[in-house]
2 protein chains.
Amino acid sequence: MATGRTHRPATRSRGIPEATVARLPLYLRALTALSERSVPTVSSEELAAAAGVNSAKLRKDFSYLGSYGTRGVGYDVEYLVYQISRELGLTQDWPVVIVGIGNLGAALANYGGFASRGFRVAALIDADPAMAGKPVAGIPVQHTDDLEKIIKTNGVSIGVIATPAGAAQQVCDRLVAAGVTSILNFAPTVLSVPDGVDVRKVDLSIELQILAFHEQRKAGEETAPGEGALPAATARDDSADQGPDGDVPAVMPA
Amino acid sequence: MATGRTHRPATRSRGIPEATVARLPLYLRALTALSERSVPTVSSEELAAAAGVNSAKLRKDFSYLGSYGTRGVGYDVEYLVYQISRELGLTQDWPVVIVGIGNLGAALANYGGFASRGFRVAALIDADPAMAGKPVAGIPVQHTDDLEKIIKTNGVSIGVIATPAGAAQQVCDRLVAAGVTSILNFAPTVLSVPDGVDVRKVDLSIELQILAFHEQRKAGEETAPGEGALPAATARDDSADQGPDGDVPAVMPA
DNA sequence: ACTTGTGAAACTTTTCACAGCT
DNA sequence: AGCTGTGAAAAGTTTCACAAGT
């Protein structure tokens with residue numbers, strides 16, 4: 001078959017779908033919990049339930065990594081934990097800097113799950129000179145002036161931006177110029193980055209607005225469609241079926 | 001599809017794709033900025049650049065809302081702001097409760113962007129009796145015992161969970177039982193909810209792990225395939241994931 | 001028996017490219 | 001001449017269903 005790629009042997013075909021990559025951390029978390037309970041093997045059905053997806057999807061996802069299961073038996077928990085960790089790059093240590101130590105930045109610095117798996121807060125950076133030297137989560141805050149030096153000294157390639165929106169692009173540019181190639185952005189703004197730099201964003205108001213959209217739709221339905229309590233599905237957010245029109249009271253925003 | 005629904009004239013065909021819904025807040029933010037600068041109209045090209053998407057996608061997205069543009073001219077900024085706000089349900093006020101007032105919960109409570117657009121923090125709830133009565137962001141923290149009463153008194157339908165992972169499911173169950181139908185979950189755990197309840201999650205470690213995956217891949221390439229610095233593109237976060245998981249809110253530090 | 005791994009079908013989202021209106 | 005709105009193609013993702021192993 002022509003077009004492109006000479007197919008790898010068979011084991012691993014470069015290019016795991018992005019949707020799959022986004023779920024690997026979920027599987028890993030569920031597997032880690034099983035591992036802590038010393039569960040030796042798990043079926044796709046059980047693991048899928050724990051991760052909140054369906055089993056066909058999970059098996060398909062795993063098939064992109066290779067054939068790590070045993071038919072008739074399931075998956076070896078420890079082995080899968082290792083394989084997924086490796087695939088995600090968690091077998092190495094990633095130094096991370098957090099820029100913007102306000103309420104959120106401090107909360108992130110204190111977040112335990114940070115260190116737990118592959119990530120280490122290498123430095124906290126803030127533009128306020130009054131903060132310099134103060135320890136947050138046991139780490140002294142450093143001034144923005146030293147950003148480039150800090151990045152280089154620590155070999156940081158992942159940066160977290162928790163500054164106000166107005167400062168985010170500027171901080172981003174400096175991080176990138178200093179060598180950071182992955183950014184997690186908490187500031188409510190769109191960041192421009194050169195090709196080759198990854199940005200992921202975390203935005204409270206966007207999430208709330210998406211919820212409001214669905215909430216409004218539910219309200220429009222009013223008439224409970226049976227009210228029959230179906231057994232709870234696992235962590236599913238559906239987008240309700242087509243609701244009739246939604247007449248909306250208007251309050252015209254400012 | 002399915003049972004023919006002839007309901008509305010023709011203007012609006014119920015059922016906006018989820019991917020489109022997830023981008024509406026982005027467009028709204030960009031439009032609001034234009035509005036504040038008193039820009040009267042904007043082309044799909046300009047607006048797309050500001051929102052970090054491409055113009056074909058933006059036009060397609062808007063086409064699901066209706067025909068709000070003018071060929072040869074562009075879109076009326078004020079009009080679009082209103083239409084999108086209405087579509088998202090932001091023309092009404094959504095009371096929100098935050099459960100779990102630790103570092104993160106407090107940061108969220110202090111987040112300005114919260115109140116700014118359609119959302120109002122109706123109450124803060126925490127399980128620690130020592131916190132009861134203490135004001136955070138000017139709002140007194142209430143005890144979990146009163147959760148049901150608080151939800152009902154305030155007509156809350158959106159809840160934010162910022163508790164430790166271990167408490168999240170329990171809090172979630174109580175919120176749902178009390179009438180909450182949309183949940184924004186910051187706890188690193190999968191929540192089970194009945195059908196009809198929407199859950200969106202915001203998970204720092206998942207986001208970092210996704211970045212680590214791509215970061216590792218970049219490192220593996222090593223041999224820069226040209227190394228030539230291509231001109232920067234506009235804010236593309238690769239992997240536009242999608243789905244219910246993913247991004248989240250940003251707490252603007254004070 | 002039981003459970004994985006996977007082609008193929010179904011569905012969703014993005015992109016293309018141009019007709020149609022201003 | 002310029003820009004929107006949209007069918008149609010392409011790409012990506014999920015689900016189905018069952019053959020292939022253990």
Side-chain angles (χ1 to χ4, degrees), chain A residues 1 3-5 7 10-24 26-27 40-49 51-77 79-80 83 233-234 236-239 241-242, chain B residues 1-2 10-13 15-24 26-27 40-49 51-77 79-80 83 233 236-246:
Chain A
M1 307 248 308
T3 58
R5 291 295 140 258
H7 258 202
T11 345
R12 186 90 42 84
S13 64
R14 231 75 284 266
I16 298 174
E18 194 53 39
T20 294
V21 172
R23 281 187 295 267
L24 292 181
L26 230 48
Y27 301 143
T41 61
V42 67
S43 70
S44 62
E45 202 70 57
E46 294 165 327
L47 184 52
V53 304
N54 78 32
S55 63
K57 193 187 284 183
L58 177 143
R59 288 199 303 278
K60 185 61 118 182
D61 283 342
F62 286 0
S63 79
Y64 294 117
L65 307 183
S67 284
Y68 295 151
T70 307
R71 296 176 204 232
V73 178
Y75 300 92
D76 181 276
V77 172
Y79 185 55
L80 247 194
Q83 289 299 344
T234 300
R236 189 52 272 157
D237 62 328
D238 91 24
S239 53
D241 42 285
Q242 36 274 73
Chain B
M1 28 160 5
T11 343
R12 187 93 41 85
S13 65
I16 298 174
E18 194 53 39
T20 294
V21 172
R23 282 187 295 267
L24 292 180
L26 230 48
Y27 301 145
T41 61
V42 67
S43 70
S44 62
E45 202 70 57
E46 294 164 327
L47 184 53
V53 303
N54 77 35
S55 63
K57 192 187 286 183
L58 177 143
R59 288 199 303 279
K60 186 59 118 183
D61 283 341
F62 285 0
S63 79
Y64 294 117
L65 308 182
S67 284
Y68 295 150
T70 307
R71 293 176 207 234
V73 178
Y75 300 91
D76 181 276
V77 172
Y79 187 55
L80 247 195
Q83 290 298 345
R236 28 165 282 91
D237 51 332
D238 83 8
S239 79
D241 60 18
Q242 166 306 64
D245 58 275

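Throughout, a chain's letter reflects where its sequence line sits, starting with A, and its residues are numbered from 1.
- Separating the OH atom in Y75(A) from the CD atom in E46(A) is a distance of 12.0 Å, to the nearest 0.5 Å.
- For the pair Q83(A) CD and dT4(C) P, the computed distance is 17 Å after rounding to whole Å.
- The interatomic distance linking Y68(A) (OH) with dT6(C) (C1') rounds to 17 Å, in whole Å.
- Separation of the F62(A) and Y68(A) ring centroids does not fall under the 6.0 Å cut-off.
- Once rounded to the nearest 0.5 Å, the distance linking NZ of K57(B) with OG of S44(B) reads 13.5 Å.
- Rounding to the nearest 0.5 Å places OG1 of T20(A) at 5.0 Å from CZ of R23(A).
- Relative to the side chain of S63(A), the nucleotides dT4(C), dG5(D), dT6(C) differ in distance, and dT6(C) lies closest.
- Between L58(B) atom CG and dT13(C) atom C1' the separation is 15 Å, expressed in whole Å.
- Contact detail for L58(B) and V53(B): the closest heavy-atom pair is CB-CG2, 4.2 Å.
- Here dT13(D) presents its C1' atom at 15 Å from CD1 of I16(A), a figure rounded to the nearest Å.
- Put simply, CG on D61(A) is 14 Å from C1' on dT4(C), counting in whole angstrom units.
- The shortest distance between the side-chain N/O atoms of S44(A) and the OP1/OP2 oxygens of dT4(C) is below 4.0 Å.
- Rounded to an integer number of Å, the gap from Y79(B) OH to dT4(D) C1' is 15 Å.
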Exercise. Let me have a per-nucleotide readout for nucleotides 15-22 of chain C, 5' to 3', with B, S or -, counting only protein heavy atoms under 4.0 Å.
Key: B-B-BBBS

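- Computed from coordinates, the Y64(A) OH to dG12(D) P distance equals 11 Å when rounded to whole Å.
- If you check every strand for non-hydrogen atoms under 4.0 Å, Y75(A) touches sugar and phosphate atoms only.
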Exercise. Show your reasoning for whether side-chain contact (heavy atoms from CB on, under 4.5 Å) applies to T70(B) and D76(B).
Key: CA-CA 8 Å; T70(B) 307; D76(B) 181 276; over 6 Å; no

